[in-house]
Amino acid sequence: MRNAEIAEALSELATLYELDGAIRYRVLAYREAARVVRQSPVSVEELAREGRATELPGVGETLQEKILALVDTGAIPSATKLKRKLPPGLVEVTRVPGVGAKTARRLFDDLGVASLDDLRAAAEQERIRSLKGLGPKFEENVLAALGKLADRGPAERLLLSEVLPVAEQLASDLRADPASQAVEVAGSARRRTETCHDIDLIATAADPAALAQALLDHPLAAVKGSSGESGARITTHNGIAVDPRIVAPEAYGNLLQHFTGSAEHNVELRERALTMGLSVSEHGITEVESGEVARYATEAEVYGRLRLAYIEPELREASGGIAAAADGKLPALVGLADLRGDLHWHTTLSDGHNTLEEMSEAARSRGYAYLAVTDHSATHGFGNDVQADRLRERIEEVRRLNAGRRGFRVLAGSEVNILPDGSLDYDDELLGQLDWVIASVHTSFRISRQAMTERVLAAIDHPLVDCIGHLTGRLIGRRDPYEIDVERVAAEAARTGTMLEINGNPNRRDLSERHARVAADAGATIVLNTDAHGVDTLINMQYAVATARRAWLEPEQIANTRGWREFSKLRKRGS
DNA sequence: GCCGTTTTCGGCCCGACTGTTTTCAGTCG
């Protein structure tokens, strides 16, 4: 059973306990355990079977037993029992924004509301207002929230690539406004998570009202909220809510830190602060005993007051950033400027939009020292296949392009399909002519975990495969990763010197940050690629870098931070 | 239910907002 399924069951049980009126700390414990299980890089089922699930922080003997029951029988007995007592639709009701467990339980006990449909009916018939403490406004909010759930689904999140450019545009325009002093993107966009649901902007201004007005007047603003002195909410034309907070310069660091999050990071930070007799909030750091409040203009000072080194936003998750900062063991993260080449580009030869010459010129003007053109291979289909003869011509074209050039080279490459039996769709003689071969799965995703793992391991063991592309095939929010044993793949990649790609296409980000950390810990060499299909998507390297940073990777762990001479030796065929 | 440089018991993050209240509980991030 996958960690996500175990986490889902624990999270559901938390809600059931909450509906049943359990003490809130028990509920919190289950929620926390669900989070830890979801984020575990190793199989929690296997850990539990070895009796080692208790090594996960937040999982004790009781939860380990429940996890074991779940993986053995498909259900947790206490959850089964509660489900007999409470209607299954009630868990859904608690997911309606503004309706929590307490309210849901009262709606069930007093009005018999047992599902989202019941809730809608009760609100429409104005029966909810008969309950003490709930009125017409609540009914109105419930109906609005139900409408939104129906419109877009409960968990609509936007890709980072949809949010970040808008956020940066707004920040940069507000910075240029004479009313502003400092403007920064905060929130999940600053942490470079895979998806975001809104934009948080933090600013200081000589004239806060004028800056708020500048945002309201911005051409990207479609729906304008109320303009107050602390901010002015807008929604952009592409449907992103923007939440600005404009504050005095002396607390800028506190506010930026708070609204960058993550929520889990802030919780951990406040817990640490309490052991030092300090209380942390967005307004400052209070000495509990004296009540004295310290405000800081920079985040570095905030962390410094808590005796921590500055923590990069990408590390502000429940992944050990605070512990590492306390021990002085934070990584020196890779940055966009460290990249010297890109090893996964398509051209018009297969499904790209630009020619070999256009792509190569774009790479050169970006300052890269090398670039691999890797069009699709012989079986690719959709009219984008490249037959062997055509690839041989392409190799000659690349040789001519490189002739007489210094300081920049194009590698003749291919993104070769890994067929269901693990074989490749060009013969070894042709693969041997190439400078660089990426092998990827593009078909037959729905085979067993065992079969998929063997399939990819066969490619890794091939002496002419330099790199594996987008290892799990996921499309964020649209297609789940296919079943594959990433730990085994990573170990074999490390053993054979086969590189593993972090694909920077913002829909993919594959390896994921979790898998990238697993791969790097196994000693595999990582390469950051864009999988660009045109000159306009070269900028996707920033998303590969984002995933690498969130995976704690340093430049040395990434092959294409090296100059050509060193990089070429790292290739399997170069050694 | 978990956990331990104040604890094997008694704690467990902080503040704003909302709708409904005469002082607050519930919800959210």
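Order of the sequence lines fixes the chain letters, A, B, ..., with proteins taken first and strands second; residue numbering starts at 1 for each chain.
- With C1' as the reference atom, B/dT20 and B/dC14 are 23 Å apart, rounded to whole Å.
- Residues A/Ala29 and A/Glu282 both approach DNA chain B. Their nearest nucleotides, taken by heavy-atom distance, put A/Ala29 toward the 5′ side.
- Comparing the P positions of B/dG1 and B/dT5 gives an interatomic distance of 23 Å, to the nearest angstrom.
- Remark: the separation of the C1' atoms in B/dT8 and B/dC2 is 12 Å, to the nearest Å.
- Within the 4.5 Å cutoff, side-chain heavy atoms of A/Leu315 are placed close to those of A/Pro331.
- Counting heavy atoms from C-beta on, the side chains of A/Asn505 and A/His470 never come closer than 4.5 Å.
- Backbone-only engagement by A/Val280 is indicated by non-hydrogen atom pairs under 4.0 Å involving sugar-phosphate atoms exclusively.
- Using a 4.0 Å heavy-atom cutoff across all strands shown, A/Phe259 reaches no nucleic acid atom at all.
- Note on ring orientation: taking the six-membered ring where Trp is involved, the planes of A/Tyr30 and A/Tyr17 are tilted (angle from 30° to 60°).
- Nucleic acid contact for A/His258: none, since no nucleic acid atom lies under 4.0 Å from a heavy atom of the residue.
- The P atoms of B/dC17 and B/dC12 are separated by 25 Å, rounded to the nearest whole Å.
- Rounding to whole angstrom units, NZ of residue A/Lys66 and C1' of B/dC2 are separated by 13 Å.
- Across B/dC2, B/dC12, B/dG15, the shortest atom-to-atom separation from the side chain of A/Leu63 is found for B/dC2.
- Cation-pi geometry between A/Arg245 and A/Phe259 is met: under 6.0 angstrom from the ring centre, within 45 degrees of the axis.
- Distance alone, capped at 3.5 Å, places no donor-acceptor pair between the A/Arg449 side chain and the A/Glu483 backbone.
- At a threshold of 4.0 Å, the pair A/Glu46-A/Arg49 does not count as salt-bridged, since none of the basic side-chain nitrogens sits closer than that to a carboxylate oxygen.
- When both distances must be under 3.5 Å, the Watson-Crick or G-U wobble mate of B/dT8 does not exist.
- Stacking of the aromatic ring of A/Tyr25 onto the base of B/dC2 is not found under the criterion of centres within 5.5 Å and planes under 30°.
- In this structure, CD1 of A/Ile76 is placed 13 Å from C1' of B/dG1, rounded to the nearest angstrom.
- A distance-only check finds a donor-acceptor pair linking the side chain of A/Glu45 to the backbone of A/Met1 [under 3.5 Å].
- A/Glu271 places its CD atom 7 Å from the C1' atom of B/dC12, with the value rounded to the nearest Å.
- Side-chain atoms of A/Asn3 come within 3.5 Å of backbone N or O of A/Val44 as a donor-acceptor pair.
- Atom CZ in A/Arg245 sits about 10 Å away from atom C1' in B/dA16, given to the nearest Å.
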Taking only N/O atoms, report every protein-nucleotides 3-7 of chain B pair under 3.5 Å with atom names and distance.
from: B/dC3; atom 1: OP1; to: A/Gly58; atom 2: N; distance (Å): 2.7

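- Distance CD (A/Glu268) to P (B/dC12): 17 Å, rounded to an integer number of Å.
- Contact check on A/Arg2 versus A/Glu8 returns no salt bridge, with no Lys/Arg side-chain nitrogen under 4.0 Å from an Asp/Glu carboxylate oxygen.
- Crowding of A/Glu292 atom CD: a count of heavy atoms from other residues, nucleotides or ligands under 6.0 Å not exceeding 12.
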- Once each nucleotide of nucleotides 18-24 of chain B is scored for protein heavy atoms under 4.0 Å, what B/S/- sequence comes out, 5' to 3'? -SS----
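- Straight-line distance from the CG atom of A/Leu278 to the C1' atom of B/dC14: 14 Å, rounded to whole Å.
- Look at CG on A/Leu16: it is 14 Å from P on B/dG1, rounded to the nearest Å.
- For the pair A/Arg517 and A/Glu317, the salt-bridge criterion is not met [side-chain N within less than 4.0 Å of a carboxylate O].
- Here B/dC14 presents its C1' atom at 12 Å from CG of A/Leu269, a figure rounded to the nearest Å.
- Side-chain atoms of A/Arg192 and A/Thr547 form no donor-acceptor pair, as typed in the model, at a separation below 3.5 Å.
- Taking atom P on both nucleotides, B/dT21 is separated from B/dA16 by 24 Å, rounded to a whole Å.
- Dashed line: the shortest gap from a side-chain N or O of A/His197 to OP1 or OP2 of B/dG29 is not under 4.0 Å.
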Below 3.5 Å between N/O atoms, which protein atoms pair up with nucleotides 26-28 of chain B? Just atom names and distances, please.
from: B/dG26; atom 1: O3'; to: A/Thr103; atom 2: OG1; distance (Å): 3.2
from: B/dT27; atom 1: OP1; to: A/Gly100; atom 2: N; distance (Å): 2.6
from: B/dT27; atom 1: OP1; to: A/Gly100; atom 2: O; distance (Å): 3.2
from: B/dT27; atom 1: OP1; to: A/Thr103; atom 2: N; distance (Å): 3.1
from: B/dT27; atom 1: OP1; to: A/Thr103; atom 2: OG1; distance (Å): 2.7
from: B/dC28; atom 1: OP1; to: A/Gly98; atom 2: N; distance (Å): 2.6

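- When the P atom is used for both B/dT23 and B/dC28, the distance is 25 Å, rounded to whole Å.
- Residues A/Glu282 and A/Val247 are not in side-chain contact: their nearest non-hydrogen atoms beyond the backbone lie 4.5 Å or more apart.
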